[in-house]
Amino acid sequence: MNTAMRGHRRNHLTIALAAAAVFALGLGLRQAQPLFISSLNSHTGIGYASISLAFGVAQLMWGIAQPVAGAIADRWGPRRVMIAGVLLLAAANMATPFSGDAMVLTLLIGVVAAAGAGVLGPAMLISAANRWIPEAKRSVASGIINAGGSFGQFTIIPLAQLLMGVAGWQPAMVILGATGLAAIPLVMILTPHVSAPLHSDTPSPSALGATLRAAVRDPSFLLLNAGFFTCGFHVAFIATHLPGMVALCAMPATVSAWSLSIIGLFNILGSLLMGKAIQTIPMKYALAAIYFARAMLILAFFFAVKTPLVFLLFAAGIGFTYLSTVPPTVGLVAKLLGARYLATLFGGDAVASDRRVPRRLARRQGFRGEPEL
C-alpha cells in the first residue's frame with residue numbers, strides 16, 4: 001500500500017512539473033518579446049506606436065484565447081488544443097523577424113503568438129492537471145505550475161538577451177521559437193491518454209452554458225473580474241514597457257533583462273508560498289493582500305529616484321506579487337463553481353467571491369452549504 005501511495009504521489013508531482021514546464025516555455029517566450037521592440041523598430045521603421053499597438057492587441061488576444069481554448073478543451077479534451085497553441089506560438093516567434101509592416105507584425109505578435117501563449121496559460125494548464133490531482137493537493141500543485149511560468153521568465157529572458165548579443169536579434173527570435181516546440185512532449189506527459197480522469201470533484205456537473213449564466217449573474221463575480229482586468233493591466237504594462245523605461249533613463253539594456261528575470265525569480269517564491277498559504281488562509285484575504293502590496297510597490301517606485309538598484313528592487317517586490325494571484329483565484333473558481341469548467345471560467349479571468357453559490361447551480365454540482373474561501 002505504501003509503495004502504491006508513493007507511486008501516486010510521484011505521478012501527481014510529475015503531472016504538476018510537466019504543466020509547470022509547459023507554462024515556463026509559453027510565458028518565457030511571451031515575456032521575452034518586449035526585449036526585441038527596439039530592434040523591431042530599427043529594422044522595420046514602423047515606429048514605437050505601431051509596435052505598442054501590436055503588443056496591446058496581443059494582451060487582448062491573450063485574454064480572449066484563454067476562455068475560448070478552455071471551452072474547447074473542457075468539451076473535447078486539452079491535449080490537441082495545447083499542441084495547437086505550442087505550434088502557433090513557435091511559428092509566430094520564428095516568423096516575426098521577417099515581418100515587414102505594421103499589419104503583419106500585429107498579426108504575428110498580436111494575434112498568432114498571443115493566441116498560442118493564451119492556450120498555454122495557467123487556466124488551461126491548471127485545469128488539465130486538476131483532472132489527475134486530488135482536491136487536497138491542488139492548491140500546492142497550482143503554486144508549482146504557476147512557479148513554472150516564473151522560472152521560464154527567469155531563464156528564457158536572459159537567454160534571449162544572450163542570443164541577441166551572440167547571434168543577432170533575428171536568429172535569436174527564430175531559435176527561441178524553435179525552443180518552444182519542446183513543450184509538445186511535455187503536453188503528452190501532462191495529458192495521459194486514458195479514457196477518464198483519475199480524480200473528479202464534480203459528480204453532477206452542470207452544462208457549460210448554465211455554469212456561465214450562473215457566474216455572470218453573480219455581482220461579486222463581475223466585480224472581481226474587473227479587479228482582474230486591473231491585475232492584467234499591471235502585468236502586461238510592466239512586462240511590455242519596463243525595457244523602454246530603462247532605455248528612457250539612459251541605462252543599459254541588461255538592466256531591463258535582469259529586471260524582468262528577477263520578476264520571474266521572485267514570482268517563483270511568491271507562487272509557491274501562496275499555494276501553500278491558501279491551505280490555511282481564506283483565499284479572498286490572501287488575494288486582497290497581494291493587490292494591496294502591489295499597489296504600494298508601484299506607488300513607491302513612481303516617486304523613487306530611478307537607478308539600476310531601484311529597478312532591481314522594484315522587480316523583486318513586484319515579482320513576489322506578479323502571478324501569485326493565480327493559486328487563490330483558481331481555488332475560488334473551483335470552490336464556488338466547480339472544477340469541471342475551470343479552464344473556461346478562469347480563462348476569462350473570472351472568479352467569484354464569498355457569495356453563496358446560486359441555488360440551482362449548487363444543487364447540480366452537489367454543494368451542501370457555503371464553502372470556506
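For this chain, numbers begin at 1 and follow the sequence in order. Hydrogens, waters and symmetry mates are skipped; everything else that's a heavy atom, side chains included, is used. Since the structure is predicted, the reported quantities are computational estimates derived from the model, not experimental observations.
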Counting only pairs under 3.5 Å, give me each side-chain donor-acceptor contact of residues 104-120, with atom names and distances, residues two or more places apart or in other chains.
unit_1 : atom_1 : unit_2 : atom_2 : d
T106   : OG1    : A102   : O      : 2.8

Atom pairs and distances, side-chain donor-acceptor, residues 27-41, under 3.5 Å, sequence neighbours left out:
unit_1 : atom_1 : unit_2 : atom_2 : d
R30    : NH2    : Q59    : OE1    : 2.5
Q31    : NE2    : Y322   : OH     : 3.3
N41    : OD1    : G47    : N      : 3.0

Result block: side-chain N/O donor-acceptor pairs under 3.5 angstrom for residues 305-315, not counting sequence neighbours:
unit_1 : atom_1 : unit_2 : atom_2 : d
K306   : NZ     : F301   : O      : 3.0
K306   : NZ     : F302   : O      : 3.3
K306   : NZ     : A304   : O      : 2.8
T307   : OG1    : V310   : N      : 3.2

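For the side-chain contact (heavy atoms from CB on, under 4.5 Å) test, residues two or more places apart in sequence or in another chain that qualify with P171 are A167. W258 is linked by a ring pair (Phe, Tyr, Trp, His ring centres under 6.0 Å) to nothing, counting only residues two or more places apart in sequence or in another chain. In this structure, F266 has no ring pair (Phe, Tyr, Trp, His ring centres under 6.0 Å) partners at least two apart in sequence or on a different chain. Residues passing the side-chain contact (heavy atoms from CB on, under 4.5 Å) test with A91, sequence neighbours excluded: none. For P158, the side-chain contact (heavy atoms from CB on, under 4.5 Å) partners two or more places apart in sequence, or in a different chain, are S261.
Screening residues 90-103 for side chain to side chain donor-acceptor pair (under 3.5 Å), with sequence neighbours left out, gives no hits. Judged as a ring-ring contact (aromatic ring centres under 6.0 Å, His included), not a single pair has a partner in residues 81-130 (not counting sequence neighbours).
A 4.5 Å side-chain heavy-atom check between F320 and R294 finds every atom pair outside the cut-off. Inter-residue side-chain proximity for L181 and L87 is flagged as met; some heavy-atom pair is nearer than 4.5 Å. T321 has its side chain within reach of I318: a pair of non-hydrogen atoms, C-beta onward, lies under 4.5 Å apart.
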Take L190 and L125 through the side chain to side chain contact (heavy atoms under 4.5 Å, CB included) test and state the conclusion after the steps.
CA-CA 8 Å; L190 172 60; L125 293 167; 3.7 Å; yes
Go through it in stages, so that I can follow the logic: the residues are I156 and L25, the test is side chain to side chain contact (heavy atoms under 4.5 Å, CB included), and I'd like the CA-CA distance, side-chain angles, deciding distance and then a yes or no.
CA-CA 8 Å; I156 292 179; L25 289 167; 4.2 Å; yes
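For M103, the CE atom counts as loosely surrounded, since its 6.0 Å shell holds 12 or fewer non-hydrogen atoms of other residues, nucleotides or ligands.
Through direct or indirect side-chain contacts shorter than 4.5 Å among Ile, Leu, Val, Met, Phe, Trp and Tyr, L162 is connected to V166.
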